[in-house]
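The next block holds one structure in the form of structure tokens; read it before the comments.
Bear in mind the structure is a predicted one, so any value in this text is a computation, not a measurement. Remember, it's 1-based here, ligands and their atoms both numbered in the order they're listed.
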Amino acid sequence: MAIREIIILPDKQLRLVSRPVEKVTPEIRKLADDMFETMYDAPGIGLAAIQVAQPLRMITMDLAKRDENGETQPRPRVFINPEVISSSEETSVYEEGCLSIPEYYEEVERPARVRVRFTDLDGKLHEEDAEGLFATCIQHEIDHLNGVLFVDYLSKLKRDRVLRKFTKAARRTAE
Ligand code: GNR
Ligand code: NI
């Protein structure tokens with residue numbers, strides 16, 4: 001296993017639309033292992049492959065440490081080619097953060113429940129209902145696969161402010 005570098009704003013790769021995983025090869029398993037190690041090291045509760053510069057539709061997640069009020073939480077797991085197939089009308093608000101936008105947190109409103117279809121590392125197809133933090137996290141991660149970041153749901157003022165801050169920081173590091 002190896003920790004990979006997490007790319008951060010304003011890296012343009014974060015805006016790529018990732019491509020489907022065609023087949024679970026040894027390289028894909030290695031990527032999943034590395035994503036877990038990178039995610040736990042960060043630490044984060046979810047990670048999309050594009051955050052380690054791999055434009056593939058693949059996510060790792062572990063919500064174990066966030067078990068609140070007896071919600072059913074999935075164990076460490078990999079979602080390959082995940083899709084939201086239905087969403088609740090009802091919404092919920094969570095304060096979100098993103099490893100690619102370090103130390104920035106804002107409340108985001110999303111559907112409270114979603115039904116997700118995905119493949120696992122054994123190539124088996126699943127459908128599952130998500131709610132609570134699981135629902136928020138899987139939507140946040142699937143957004144990454146489409147080049148969407150949580151700041152895209154904020155006001156233009158807030159979004160521009162955070163984009164400017166990271167663009168300036170990158171310029172300073174480049175000097
Ligand atoms: O670690 C993370 N925490 C988090 C908190 C609220 C909503 C979403 C997330 S995902 C984030 C890790 C990350 O950036 N995944 O893409
Ligand atoms: Ni993120």
Side-chain angles (χ1 to χ4, degrees), residues 3-21 28 31-69 71-84 87-88 90-114 116 118 128-155 158-159 161-163 165-167 169-170:
I3 293 172
R4 302 201 190 190
E5 188 186 335
I6 295 178
I7 61 173
I8 65 169
L9 276 182
D11 195 317
K12 288 195 171 60
Q13 293 177 90
L14 290 168
R15 294 309 189 173
L16 290 175
V17 175
S18 295
R19 64 177 186 276
V21 173
I28 292 293
L31 175 59
D33 279 352
D34 289 358
M35 284 172 64
F36 275 116
E37 194 173 359
T38 305
M39 181 180 86
Y40 289 129
D41 175 71
I45 57 173
L47 193 71
I50 192 59
Q51 293 181 275
V52 292
Q54 300 298 312
L56 289 164
R57 302 190 79 84
M58 194 171 145
I59 290 164
T60 54
M61 194 182 295
D62 188 346
L63 304 177
K65 290 199 188 72
R66 294 294 196 82
D67 204 313
E68 315 154 350
N69 55 52
E71 269 172 17
T72 325
Q73 300 292 6
R75 295 176 317 140
R77 57 202 301 198
V78 181
F79 299 86
I80 294 172
N81 303 333
E83 292 172 69
V84 169
S87 314
S88 62
E90 193 194 326
T91 60
S92 63
V93 175
Y94 262 97
E95 182 170 83
E96 298 195 18
C98 182
L99 295 172
S100 297
I101 313 173
E103 289 163 40
Y104 184 76
Y105 306 90
E106 276 290 348
E107 289 191 333
V108 176
E109 184 176 10
R110 299 182 185 269
R113 291 176 303 282
V114 291
V116 185
F118 62 95
E128 209 168 308
D129 292 309
E131 61 179 347
L133 184 60
F134 180 25
T136 289
C137 191
I138 193 80
Q139 291 176 79
H140 173 118
E141 302 309 341
I142 291 174
D143 275 351
H144 275 300
L145 308 185
N146 296 321
V148 174
L149 301 170
F150 83 90
V151 294
D152 298 344
Y153 298 105
L154 307 179
S155 67
K158 282 185 177 173
R159 183 172 56 252
R161 202 185 280 151
V162 66
L163 289 177
K165 181 182 148 195
F166 279 91
T167 305

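Here atom 11 (C) of ligand 1 lies nearest to G97 when heavy atoms of C137, P43, G97, A42 are compared.
Every N/O-N/O distance between T136 and ligand 1 stays at or above 3.5 Å. Considering backbone and side-chain N/O of A48, none are found under 3.5 Å from N/O of ligand 1. Every N/O-N/O distance between S100 and ligand 1 stays at or above 3.5 Å.
For the pair S100 (side chain) and L9 (backbone), a donor-acceptor distance under 3.5 Å is absent. Under the 3.5 Å distance criterion, the side-chain polar atoms of Q139 are matched with a main-chain donor or acceptor of P111. No donor-acceptor distance shorter than 3.5 angstrom exists from the side chain of T91 to the backbone of E109, with no hydrogens or angles considered. Checked by atom type and distance alone, the side chain of R113 never pairs as donor or acceptor with a backbone atom of E131 at under 3.5 Å. Counting only distance, with no hydrogens or angles, the side chain of D62 and the backbone of A64 share a donor-acceptor pair below 3.5 Å. The main-chain N or O of I8 is never found under 3.5 Å from a side-chain atom of D11 such that the two would form a donor-acceptor pair. Not one N or O on the side chain of E141 forms a donor-acceptor pair closer than 3.5 Å with the backbone of I138.
Using a 4.0 Å cut-off to heavy atoms of G44, the atoms of ligand 1 that qualify are 1 (O). Ligand-side atoms of ligand 1 in range of E95: 6 (C), range being under 4.0 angstrom from any heavy atom. Applying the 4.0 Å criterion to heavy atoms of E141 picks out, from ligand 1, the atoms 10 (S), 13 (C), 15 (N), 16 (O). Taking a cut-off of under 4.0 Å to the non-hydrogen atoms of G46, the atoms of ligand 1 that pass are 12 (C), 13 (C), 15 (N). Close approach to C98 involves these atoms of ligand 1, each under 4.0 Å from a residue heavy atom: 14 (O).
Checked for salt-bridge contact, E128 and R77 meet the test: a charged N lies under 4.0 Å from a carboxylate O.
Screening D33, D41, D34 against R4 for a salt bridge (charged side-chain N to carboxylate O under 4.0 Å, His left out) leaves a single residue, D34.
Across all their heavy atoms, I6 and T38 have their closest contact at CG1-CG2, 3.6 Å. When all heavy atoms are compared, the tightest approach of I3 to E37 is CG1-CG, 3.7 Å.
The set of protein atoms (N, O or S) found at less than 2.8 Å from the Ni ion (ligand 2) reads C98 SG, H140 NE2, H144 NE2, by chain and number.
Contacts with ligand 1 closer than 4.0 Å are made by side-chain heavy atoms of H144 only, the backbone lying farther away. Contact annotation: for E96 versus ligand 1, heavy atoms closer than 4.0 Å belong to both the backbone and the side chain.
In this pair, H140 and H144 present their aromatic rings perpendicular. The plane angle is above 60°, beyond the 30 to 60° band.
Distances shorter than 4.0 angstrom do not occur between any heavy atom of M39 and any atom of ligand 1.
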